[in-house]
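To start, the structure under review is shown below, and the notes come after it.
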Amino acid sequence: MAERMRILSGMRPTGRFHLGNYLGAAQNWVNLQNEYECYYFIADYHALTTEPDGHTVESKVFDLAADLLAVGIDPKRSVLYLQSQVPEVAELSLMLSMVTPLSWVMRTPAFKEKAKLRPDNVNLGLLSYPILQGADILIVKGIGVPVGKDQLAHVELVREVARRFNRTYTPVFPEPPRLLTETPLIKGTDGKQRMSKTVGNIVGVTDEPEVIRKQVLSMVTDVKRVYKTQPGHPRSCNVCAFYKLFFDDCSTTGTSVVGRRSAAMKRRSCSPSGSSRGSGHSAKQGPS
């Protein structure tokens with residue numbers, strides 16, 4: 001039997017799953033178990049960079065573990081672990097930081113984005129986030145790191161750090177190649193930004209049906225359509241994008257709350273003619 005390629009991915013414990021977590025990452029993780037030797041971890045150290053209260057993070061660790069198991073991460077086929085339970089990760093992160101120029105970490109997109117979102121909490125851990133990420137990858141000697149296009153810069157930084165570490169000390173760590181996977185960009189209910197609890201534009205997976213219904217009905221359907229009398233743009237409509245992720249046939253009516261409401265909003269709001277809008281509950285339009 002041929003040896004499988006070892007890959008690694010992690011997720012921060014920020015609370016219960018939303019559709020961005022599931023469609024943008026977890027669904028892909030489940031499928032990768034069929035082809036690779038998978039190491040998946042709950043990144044509680046990483047969570048502390050934006051949530052310094054460890055007690056808050058602790059409760060979310062159990063929620064994330066439960067969600068990962070529920071969607072299909074199988075401990076018999078994959079290694080699922082808590083980042084802080086492997087103390088060597090923090091030790092390696094310290095060693096890697098000794099060979100990493102400050103300019104390398106300051107140029108990473110993640111630091112710039114998070115610093116902009118939380119200007120009152122730009123801590124040293126946030127700046128060195130990519131180094132800790134590199135330690136996560138290198139310590140399991142992963143051969144592949146499944147990422148979307150928006151994460152390629154981070155993997156390249158890890159490769160650079162690994163090269164410098166190997167040159168400075170001794171060749172220990174393989175340079176992890178980029179394993180580009182089909183990871184869809186899941187936009188939030190505002191139709192503009194990536195779905196995120198920080199931004200507050202999520203659709204929960206484990207929320208009560210009425211909460212999900214409220215979240216879905218708040219979705220911006222067409223940012224290009226300023227007035228109701230204007231024709232819609234189904235190809236760029238955020239609700240249509242969600243609908244296609246759940247149903248192959250766009251004429252199919254979903255049985256779930258999300259499916260039903262997405263289908264209803266698709267009929268009401270995304271018609272090119274704009275003439276089929278209902279007069280009851282409806283999704284928000286683009287800014288007027």
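Residues: numbered from 1 along the sequence shown. Hydrogens, waters and symmetry mates are skipped; everything else that's a heavy atom, side chains included, is used.
- Shown here is Y169, whose OH atom has more than 12 heavy atoms of other residues, nucleotides or ligands within 6.0 Å.
- Centroid-to-centroid, the aromatic rings of Y22 and F17 stay 6.0 Å apart or farther.
- To the nearest 0.5 Å, atom NZ of residue K244 and atom SG of residue C237 are 9.0 Å apart.
- Remark: the backbone N or O of K141 is not paired with any side-chain donor or acceptor of R6 at under 3.5 angstrom.
- Without hydrogens or angle criteria, Q33 side chain to G72 main chain gives a donor-acceptor distance under 3.5 Å.
- Aromatic rings from F165 and F173 are positioned such that their centres are separated by under 6.0 Å.
- Between Y39 and Y81, the two ring planes are perpendicular [angle over 60°; tilted spans 30° to 60°].
- Judged purely by atom type and a 3.5 angstrom limit, Q230 uses its side chain to pair as donor or acceptor with the backbone of Y227.
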Might you work through the side-chain hydrogen bond (donor to acceptor under 3.5 Å, both in side chains) test for T189 and N201, ending with a clear yes or no?
CA-CA 5 Å; T189 53; N201 59 357; 5.6 Å; no
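- Between E51 atom CD and N121 atom CG the span is 9.0 Å, to the nearest 0.5 Å.
- The pair E175-R163 meets the salt-bridge criterion, since a charged nitrogen lies less than 4.0 angstrom from a carboxylate oxygen.
- Residues V220 and N238 approach most closely at O-CB, 3.7 Å, considering heavy atoms.
- For the pair D67 and V205, the minimum side-chain heavy-atom distance is 4.5 Å or more.
- More than 12 heavy atoms of other shown residues, nucleotides or ligands fall within 6.0 angstrom of atom CD in E88.
- In this structure the side chain of D63 never reaches within 4.5 angstrom of the side chain of P13, judged on heavy atoms.
- Side-chain atoms of Q83 come within 3.5 Å of backbone N or O of Y45 as a donor-acceptor pair.
- Separating the NZ atom in K197 from the CZ atom in R16 is a distance of 10.0 Å, to the nearest 0.5 Å.
- The minimum heavy-atom distance linking V140 with I137 is given by the pair CG2-O, 3.4 Å.
- Looking only at distances, a side-chain donor or acceptor of Y40 sits under 3.5 Å from a matching main-chain atom of W29.
- Taking 4.5 Å as the limit, every side-chain heavy atom of S78 sits out of range of all side-chain heavy atoms of L80.
- Minimum interatomic distance between K60 and G15 (heavy atoms only, all atoms of both residues): CD-N, 3.7 Å.
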Apply side-chain hydrogen bond (donor to acceptor under 3.5 Å, both in side chains) to Q215 and D207, showing your working.
CA-CA 10 Å; Q215 291 168 337; D207 288 335; 3.2 Å; yes
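- Of the possible donor and acceptor atoms, none in the side chain of R77 sits under 3.5 Å from a partner among the backbone N and O of Y36.
- Nearest approach of R159 to P177, heavy atoms of both residues: NH1-CA, 3.7 Å.
- Here R107 pairs with E160 in a salt bridge; the nearest charged N to carboxylate O distance falls below 4.0 Å.
- For the pair L23 and L245, the tightest heavy-atom approach, listed with the atom from each and the gap, is CD1-CD1, 3.6 Å.
- V158 and M98 are members of different hydrophobic clusters when ILVMFWY side chains are connected at heavy-atom separations under 4.5 Å.
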